[in-house]
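Structure first, commentary second.
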Amino acid sequence: MQYANFVLKFGERELLDEFEIVSRASERQRIHAALNRITEGEYGYCIDCGEEIAPKRLTADPAIALCLDCLRG
Ligand SMILES: [Zn+2]
């Protein structure tokens, strides 16, 4: 029983670690993409429809890439 608990905990931990690595990598990618858009002069515009992204949303998440309409699909 103890062993099963250990495996369960260990498995969970591994999953959590993996999740953290993935989300960290995609966060880095998001920020990198935002920096690219600044360089290209496209920062602040939706990458899908080209509409301006509300400044309030950019303040909340500076790496945001989609306007609210495109985000909602
Ligand atoms: Zn859009």
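Remember, it's 1-based here, ligands and their atoms both numbered in the order they're listed. Side-chain atoms are counted along with the backbone in the values below, which use heavy atoms only and exclude waters and symmetry mates. Position 1 is the first residue of the sequence, and the numbers go up from there.
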Restricting to pairs with a member in residues 59-73, which pass side-chain hydrogen bond (donor to acceptor under 3.5 Å, both in side chains), not counting sequence neighbours?
->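 Matches after skipping sequence neighbours: R30-D61.
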Looking only at non-hydrogen atoms, find the nearest pair between C49 and C67 and report the distance.
->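 It is SG-SG, 3.7 Å.
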More than 12 foreign heavy atoms under 6.0 Å from OH of Y43: is that the case here?
->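 Counting other residues, nucleotides and ligands, OH of Y43 exceeds 12 neighbours.
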When rounded to the nearest 0.5 angstrom, what distance separates CZ in R28 from OG in S23?
->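 The CZ atom of R28 sits 10.5 Å away from the OG atom of S23.
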Could you list the residues that satisfy side chain to side chain contact (heavy atoms under 4.5 Å, CB included) with L66, not counting sequence neighbours?
->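 L66 satisfies side chain to side chain contact (heavy atoms under 4.5 Å, CB included) with C46, I47, D48, C70, L71 once adjacent residues are dropped.
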Write out all pairs satisfying salt bridge (Lys or Arg N to Asp or Glu O under 4.0 Å) with one or both partners inside residues 32-42, taking only residues at least two apart or from two chains.
->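 Sorted pair list comes back empty.
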Neighbouring protein N, O or S atoms of the Zn ion (ligand 1) [cut-off: under 2.8 Å, no waters] =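 Result, waters dropped: C46 SG, C49 SG, C67 SG, C70 SG.
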